[in-house]
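Working notes for the structure below.
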Amino acid sequence: MTITKIKEPFFHVTGERGWINDPNGLIYYKGQYHAFFQYYPNDTKWGPMHWGHVVSDDLTNWKYLPVALAPGDECDKNGCFSGSAIVHGGKLWLMYTGFIENEGGESIRQIQCLAESDDGVTFKKHGVVIGEDLLPDGYAPCDFRDPKVWLHDGYFWCITAARKIEGRGRILLFKSKDLFNWEFVNDLFGKDSAGTMIECPDYNEELGYLLFCEQFQPSENKEHLNVHTCRWCVGRIDYSTGTFKEETRGIVDYGFDMYAPQTFAGKPVFMGWLNMWDRNVPSAKYGFAGMLTVPRRVLVENGRLCQEPVVNCGEVYKATVSDRLEDKVTKGVITVKATNLEGFELKMRSNGDNYTSFVLCDGEWVFDRSKSGEAIVGVEKDEDSLKGIRRMPYSNEQEATITIVMDEFSVEIFEGGRALSSTIYPPFDANRLELTVKAAACEYARADITLNK
Ligand code: FRU
């Protein structure tokens, strides 16, 4: 099947055509940021996974490079699944999961493979380096994937997602002197996770946090409503025991569509997949399905993982909001700074009939995409999800800053270090922004994004 992309987001990364999911191998190498992603160019549905590849100088302008990894070798017969990158000896190394389907189900095999490049463009595969033989007894070889690699104290360390046979998700730690010969260290938590399976674990040694996704995770106290969701845990790995010393935990994103975040090797910036499993993707008719979030700078503040968008902006339009403001905007970065905020009602991408709203209501943020445009249907059956609603705690700071990164098919909203990201598929003429604020003082700024396309 040949796919042609006829529309695309303005500055969010998508595939050159077809389907993408998780960001992979995020790294700075030879003067450029590299982002790889799970990619199937031949359809707008998930299929045999390749690694698509883009590079950027400024984390905003991205340029396609040829596909970095394609499936078909003995170790990755049916797919090159998610993984990460590391620079070593001047070369760029990718660790990824080789997917061998066999007869499906329990006969699937997932093994960790290695590839190298000395130009950051073409990659030579070295085959399997962490095989089924290194998986301890009692763990399922059909659910063993997504290696994240880093260097610490003279060793390479790698965490992978795993699952206990007849159990739930786990994270396993391995170590190596040379990236080729690995040994198993420990099961990081030593107990089942809430999700049936963990995916895409990510560890940042410098700031001390772990990110991971959980599939089919029951929601406690409506903490999250997506059935597949991502958590952060602030804490550190104790390398002497191979355990994770957790301090605090929380939800990475409060919106409908964010999964599989990965941190750039050695830099406090991550990107996620701005989409979600088990939903229809209305953009498929334009020849693409799936995009990456904008890069997000991470900070750990008072035991909390906080994030803010990293976008290279151009000209800025500024205005004071006395109580109501209208603007025309379909893409850009909007910042509202308010002192003593009491009321906030924002309609984005509005043409009257269609709009997406973000409102401060009874002390919490309420996002509503029920009238945003084309319907997006998921597997969640709770009242909020069926109504197109997501909620996020409000920081209650005296000086509140609300930042909205808006593109043709998405909004990513940030306040008090928290994020709420969702796809939307509004009519193309829905370009009005209407803001009503009750505050002691309020400033509005809209920054344009000019790409050197
Ligand atoms: C997460 C995930 C990974 C896997 C990849 C396959 O979204 O399921 O666990 O490696 O996608 O595309």
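All residue numbers refer to positions in the sequence shown, counting from 1. Both ligands and their constituent atoms are indexed starting at 1 by order of listing. Values in this document were obtained by computation on a predicted structure and should not be read as measured data.
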Counting each atom of ligand 1 from 1 as listed, which ones have a heavy atom of [X] under 4.0 Å away?
X      : result
Ser82  : 5 (C), 10 (O)
Tyr259 : 1 (C), 7 (O)
Met49  : 12 (O)

Identify, for [atom], the protein heavy atom at the shortest distance, and state residue, atom and that distance.
atom                    : result
atom 1 (C) of ligand 1  : Asp22 OD2, 3.0 Å
atom 12 (O) of ligand 1 : Gln38 OE1, 2.7 Å
atom 4 (C) of ligand 1  : Asp146 OD1, 3.5 Å

Evaluate the side-chain hydrogen bond (donor to acceptor under 3.5 Å, both in side chains) criterion for residues Gln38 and Asn24: first the C-alpha distance (whole Å), next the side-chain angles of each, then the deciding distance (0.1 Å), finally the verdict. CA-CA 7 Å; Gln38 291 285 280; Asn24 295 153; 2.9 Å; yes

Pick from Gln110, Met276, Arg145, Glu199: the one approaching atom 8 (O) of ligand 1 most closely through a non-hydrogen atom: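 The option holding the nearest heavy atom is Glu199.
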
Would you say the rings of [Y] and [X] are close, in the sense that their centroids are separated by under 6.0 Å?
X      : Y      : answer
Trp365 : Tyr254 : no
Phe216 : His228 : yes
Phe123 : Phe36  : yes
Phe409 : Phe288 : yes

Does ligand 1 have any atom that is closer than 4.0 Å to a heavy atom of Trp277? yes

Hey, does Trp273 sit under 4.0 Å from ligand 1 if you only count heavy atoms? no

Between Thr97 and ligand 1, which residue portion shows a heavy-atom distance shorter than 4.0 Å: side chain, backbone, both, or neither? neither

State whether Asp146 and Lys148 are salt-bridged, where the test is any N-O pair (Lys NZ or Arg NE/NH1/NH2 against Asp/Glu carboxylate O) under 4.0 Å.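 Salt bridge absent between Asp146 and Lys148.
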
Hey, does the Lys NZ or Arg CZ of Lys7 hover above the aromatic six-ring of Phe428, less than 6.0 Å from the centre and inside 45° of the axis?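 Yes; both conditions hold, so Lys7 lies above the ring face of Phe428.
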
